[in-house]
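Order of the sequence lines sets the chain letters (A, B, ...), proteins ahead of strands, with each chain counted from 1.
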Amino acid sequence: MAKVTLPDGSTLEIAEGSTAQQVAEQIGAGLAKAAVAARIDGKLVDLAMQVADRSRVEIVTPKDKEGVNVMRHSCAHVMAEAICSLWPQTKLVYGPTVEDGFYYDIDLDEPIRPDDFARIELRMREIVEADQPIVRREMSRRQALEELKGDKYKTDNIERAEGDVISFYSHGNGFRDLCRGPHVPSTGKVGSFKIMSIAGAYWHGDPTQKMLQRVYGTSWPTKKDLDEYLNRLEEAKRRDHRVLGRQLDLFSFSEMGPGFAFMHPKGMVLWNEIVDFMRQLNGKYGYKEIRTPIILNEELWHRSGHWDHYKENMYFCEIDQVGYAVKPMNCPGGCLLYKTNKHSYRELPLRLAEFGMVHRHEASGVMHGLFRVRQFTQDDAHIYCMPAQIEAEIIGVINLIFETYRAFGFEDFNVELSTKPESHIGSDEIWETATNALKAALQHKQIPFKINEGDGAFYGPKIDFHIKDCLKRSWQLGTIQLDFSMPQRFELAYTAEDNTEKTPVMIHRAVLGSMERFMGILIEQYAGALPLWLSPEQVRVLTISEKTNDYATVVQHKLSDAGLRCGIDLSDEKVGAKIAKSHGERIPYMLVVGPKETESSAVSVRIRGLQDGRTVSVDEFLARARQKIADKTADPAF
RNA sequence: GCUGCUGUAGCUCAGUCGGUAGAGCGCGUCCUUGGUAAGGACGAGGUCCUGGGUUCAAAUCCCAGCAGCAGCUCCA
């Protein structure tokens, strides 16, 4: 007999040589049925694995996130078998799990099309119904290389694998794949699945390598989980800022300028609200605002290093036989401005903010609504300071960033610190000082952060602030970068206390990142139903009939004069239709006025998203709405 | 940039076998004066992405380009 420890701390006597599956059966039939894998001494393994004496055993079910991943991985194998049986010339490359599902990279010259998904799923279902056991077989690295001789993908995978024991998993009619595992015990246990999409992907992500086909699938423990996931995707589609941008008439794009957004009147209201907010906050944090030219002499960009490091992303033009470049970043222009005066250490830190419009010629395939464009406006700033001031300045920027994100309703973000890259300029000491300053600032603020070793800019380390959108894509918003290079290249100086010329440190910072991207994120975050203070149209007066047009107009003027963005719908429609239309445009407040309201100088307030309204006096409504706007409350209800 | 898919009215989309185009929404006019998520009638609106090719004939088939979408790579 052997003894094992269970997760609750209890011990269980088992027969010598029992498998994890047998342990599960001994614990209970229900658990044995639900089991998909096991954890022995913390290591995730197949249920068929033998359990050694005195080990810790945990039966893994679909309730465990790793259990679901095991199912997904097995599902990827089932899909691989289905594809191989439909296209026998398929070469399998690599099939991992990803968030919400899995994919399999395959090398197959004939393209798989969405029309083929149903066929693949059908074949997968046959494989699942057959409930064939999934069997692990181990061999030495040498033997594995021998067996797979000629298969460059699998040989490569073996070479990348750790350890000397290489495992294969097989099931069904001779399907076998090199795989670390673990897997569910049989093909009947892969859950509910769906093939989602097909895309191209390079082998090893290397553009010089062959483009493979990547087939994406999703799988979930139950049909219900799958349906919920598919509904979530639908919801995400409804929130897509590209769709809402058109529906709400906020912005558009034209073939005449790929990647250049056209901001419509309503979009500009949102834009200006964001700018106003940032201006006010910049003032509070001691920034002065500047503006620098969009097009500058080519020579400047040689000096800044952009010519060498950024040329392929820049736009150029020639005027009077002189070469000019359109700025991809604001810093060189800012440096020229700094140099127009002599500076004393007494002026530092000098904080100069700029809503700077930059152009970057991004690759054609990467554009994505407002999230990734070729022309955008950064809420940029450059802080010129002495080395001893760095940490305090960083803390100031962090405070500014957090205050901003909270005001816009974002509480959930993560912070990353990127350190010295291989190719860099500046001494190791100065890098260490800079990195430590960033770290110290984060620690001082007790902000947890992840370190991206070697991911900094060539001129200095940086802190990035990331946020996740409703599709769970992560986007970089703010950034703080320390720069010791640009000040030297531009020979920036300040006169120190001892009357010597010293080089200031430059801190680049952006809070929102880009106005465009931030607008897109806001739209998706709120599914178009923006907080009252940001809504392009905050209130709309709706008439019952044209008999009350006069009163409705008086109400509209009163609210507009008080500073509310107030529209009016005098159209020849029933009030129900006006409500529906206003809801479609995500107007926070709909004020219905008819004879009843006219008599008592009142409005019947209907609030976005709510069914029932209430009648209040115009003055009371105005007071409440102004309070909501001042407080930047996201929910307009009162 | 690479791979795959798509491009028809302002928007969302249909259009069979190759035979010169249709719906809903929106827009305009009229009827209706109606109390909380879409009242009715009529009407206007198209270089079927662009350029070639095949054909008696192309929205439709073929080629190229442009743009968009899903990814890859890159990035704010």
Side-chain angles (χ1 to χ4, degrees), chain A residues 98 103 105 110-116 196-216 237 240 242-243 246-247 249 252-259 310 312-313 328-330 356 358 360-380 462 464-467 475-479 481 508 510-518 520-521 542-549 571-584 590-597 604-615:
Chain A
V98 290
Y103 67 78
D105 280 350
E110 183 189 337
I112 293 179
R113 290 161 208 288
D115 292 346
D116 299 320
M196 300 302 287
S197 62
I198 177 101
Y202 300 112
W203 191 35
H204 293 166
D206 178 353
T208 62
Q209 293 290 342
K210 180 167 184 181
M211 174 71 75
L212 306 167
Q213 298 195 66
R214 177 169 294 179
V215 187
Y216 283 89
K237 249 190 214 162
D240 189 320
R242 294 166 300 182
V243 176
R246 146 132 292 286
Q247 275 172 12
D249 200 14
S252 61
F253 288 91
S254 161
E255 283 195 21
M256 293 299 111
Y310 215 75
E312 57 288 351
N313 278 328
M329 294 184 195
N330 301 302
V358 295
R360 298 182 186 176
H361 189 262
E362 302 288 350
S364 63
V366 305
M367 255 97 71
H368 185 95
L370 292 178
F371 285 173
R372 193 77 183 272
V373 287
R374 282 178 171 163
Q375 180 205 64
F376 57 100
T377 298
Q378 296 179 302
D379 65 320
D380 212 351
K462 60 176 183 171
D464 290 329
F465 297 80
H466 298 254
I467 199 159
W475 294 98
Q476 185 185 325
L477 260 58
T479 180
Q481 304 178 0
H508 307 247
V511 178
L512 306 175
S514 105
M515 290 293 299
E516 286 81 357
R517 174 178 291 181
F518 189 71
I521 290 172
L542 314 177
T543 50
I544 300 281
S545 78
E546 63 187 23
K547 287 173 189 158
T548 45
N549 279 4
S571 69
D572 191 10
E573 283 294 345
K574 294 191 172 171
V575 72
K578 295 184 186 186
I579 299 257
K581 192 164 184 287
S582 302
H583 258 120
M590 292 153 269
L591 306 183
V592 177
V593 297
K596 264 192 300 190
E597 288 76 15
S604 168
V605 185
R606 171 126 189 193
I607 296 164
R608 178 179 69 195
L610 301 178
Q611 289 292 330
D612 49 338
R614 55 190 291 193
T615 300

Subject >> Base partner of B:rA58, which must satisfy Watson-Crick or wobble distances under 3.5 Å >> reply: none
Subject >> Euclidean distance, atom CZ of residue A:R372 to atom C1' of B:rU73 [Å, nearest integer] >> reply: 10 Å
Original post:
Taking atom P in both B:rC30 and B:rG19, what distance in whole Å separates the two?
Top reply: 41 Å
Subject >> Pairing nucleotide - B:rA23, Watson-Crick or G-U, each distance under 3.5 Å >> reply: B:rU12
Subject >> Pair partner, B:rG34 [Watson-Crick or wobble, under 3.5 Å] >> reply: none
Original post:
Taking the side chain of A:V366 as heavy atoms from C-beta outward, which of B:rA70, B:rA67, B:rC74 is closest to it?
Top reply: B:rC74
**OP:** Whole angstrom is fine here: how far is it from CZ in A:R246 over to C1' in B:rC13?
**Re:** 14 Å
**OP:** Kindly give the heavy-atom pair with the smallest separation between A:E597 and A:S604, and that separation in Å.
**Re:** OE2-CB, 3.4 Å
Original post:
Any sub-3.5 Å donor-acceptor pair from A:R517's side-chain atoms to A:I521's backbone N or O?
Top reply: no
**OP:** Rounded to whole angstrom, note down the C1' distance from B:rC56 over to B:rG51.
**Re:** 23 Å
Subject >> Spacing of the C1' atoms in B:rG7 and B:rA44 (rounded, Å) >> reply: 25 Å
Original post:
Which part of the nucleic acid, if any, lies within contact of A:R517, taking any heavy atom under 4.0 Å across all strands shown: a base, the sugar-phosphate backbone alone, or nothing?
Top reply: base
**OP:** Mark up nucleotides 30-39 of chain B, 5' to 3', with B wherever a protein heavy atom is under 4.0 angstrom from a base atom, S wherever such an atom reaches only the sugar-phosphate, and - elsewhere.
**Re:** -BBBBBBBBB
**OP:** Compare every heavy atom of A:Q476 with every heavy atom of A:T479, then report the nearest pair and how far apart it is.
**Re:** CB-NE2, 3.4 Å
Subject >> Rounded interatomic separation in angstrom, taking CE from A:M329 and P from B:rC75 >> reply: 11 Å
**OP:** With a 3.5 angstrom cut-off on both distances, give the Watson-Crick or G-U wobble partner of B:rU29, or none if there isn't one.
**Re:** B:rA41
Original post:
Which nucleotide, in any strand shown, forms a Watson-Crick or G-U wobble pair with B:rG71, with both distances under 3.5 Å?
Top reply: B:rC2
**OP:** Ignoring backbone atoms, establish whether A:S364 has a side-chain N or O less than 4.0 Å from OP1 or OP2 of B:rG1.
**Re:** yes
Subject >> A:Q213 CD - B:rC72 P separation (whole Å) >> reply: 15 Å
**OP:** Determine the Euclidean distance between corresponding C1' atoms of B:rA23 and B:rA9; express it in Å to zero decimal places.
**Re:** 11 Å
**OP:** Using modelled atom types only, decide if a donor and an acceptor are shared between the side chain of A:K578 and the backbone of A:M590 within a distance under 3.5 Å.
**Re:** no
Subject >> A:Q476 or A:A363, whichever maps to the more 5' nucleotide of RNA chain B >> reply: A:A363
Original post:
Do you know which two heavy atoms are closest between A:V373 and A:G259, and how far apart they sit?
Top reply: CB-O, 3.2 Å
Original post:
Taking for each residue the nucleotide of RNA chain B with the nearest heavy atom, is it A:S254 or A:Y310 whose nucleotide lies nearer the 5' end?
Top reply: A:S254
Original post:
Can you tell me if A:D105 uses its side chain to pair, donor with acceptor, with the backbone of A:L212 under 3.5 Å?
Top reply: no
Subject >> B:rA76 pyrimidine/purine six-ring stacking with A:F376, under 5.5 Å and 30° >> reply: yes
Subject >> Member of A:R374, A:R372, A:H368 meeting the side chain to side chain donor-acceptor pair (under 3.5 Å) criterion with A:E362 >> reply: A:R372
Original post:
How far, in whole Å, is B:rC61 from B:rU73 if one measures between their P atoms?
Top reply: 34 Å
**OP:** Take A:M196 and A:Y103 through the test side-chain contact (heavy atoms from CB on, under 4.5 Å) and record every step on the way to the result.
**Re:** CA-CA 9 Å; A:M196 300 302 287; A:Y103 67 78; over 6 Å; no
**OP:** Starting at atom CG of A:D105, determine the distance to atom P of B:rG4, rounded to an integer number of angstrom.
**Re:** 15 Å
Original post:
On a whole-Å scale, what distance lies between the P atoms belonging to B:rU12 and B:rG26?
Top reply: 15 Å
**OP:** Starting from C1' on B:rG10, measure out to CG on A:D249 and report it in whole angstrom.
**Re:** 11 Å
Original post:
Rounding to the closest angstrom, what is the interatomic distance between B:rC75 and B:rU16 at atom P?
Top reply: 45 Å
**OP:** Write down the distance between CD1 (A:I521) and C1' (B:rA76), rounded to a whole number of angstrom.
**Re:** 9 Å
Subject >> Minimum-distance pair of heavy atoms, taken over all atoms of A:G609 and A:H583 >> reply: N-NE2, 3.0 Å
Original post:
Side-chain N or O of A:R242 less than 4.0 angstrom from OP1 or OP2 on B:rA70?
Top reply: yes
Original post:
Base, sugar-phosphate alone, or nothing: which one does A:V373 contact when heavy atoms must sit under 4.0 Å apart?
Top reply: base
**OP:** Describe the nucleic acid contact of A:M367 in one word from base, sugar-phosphate, nothing, applying a heavy-atom distance below 4.0 Å.
**Re:** sugar-phosphate
Original post:
Between A:R214 (CZ) and B:rA70 (P), how many Å, whole number?
Top reply: 16 Å
**OP:** Ignoring backbone atoms, establish whether A:R360 has a side-chain N or O less than 4.0 Å from OP1 or OP2 of B:rC75.
**Re:** no
Subject >> Heavy-atom donor-acceptor pair, A:R374 side-chain to B:rC75 base, under 3.5 Å >> reply: no
**OP:** Using the P atom on both, measure B:rA58 against B:rA21 and round to a whole Å.
**Re:** 13 Å
Original post:
Hey, does A:Y216 reach any base, or is it just sugar-phosphate, or nothing, if we go heavy atoms under 4.0 Å?
Top reply: sugar-phosphate
**OP:** Specify the glycosidic conformation (syn or anti) of B:rU20, with syn defined as within 90° of 0.
**Re:** syn
Subject >> A:H368 side-chain N/O to B:rA70 phosphate OP1/OP2 under 4.0 Å >> reply: yes
Original post:
So what does A:Q247 touch, heavy atoms closer than 4.0 Å: a base, only the sugar-phosphate, or nothing?
Top reply: nothing
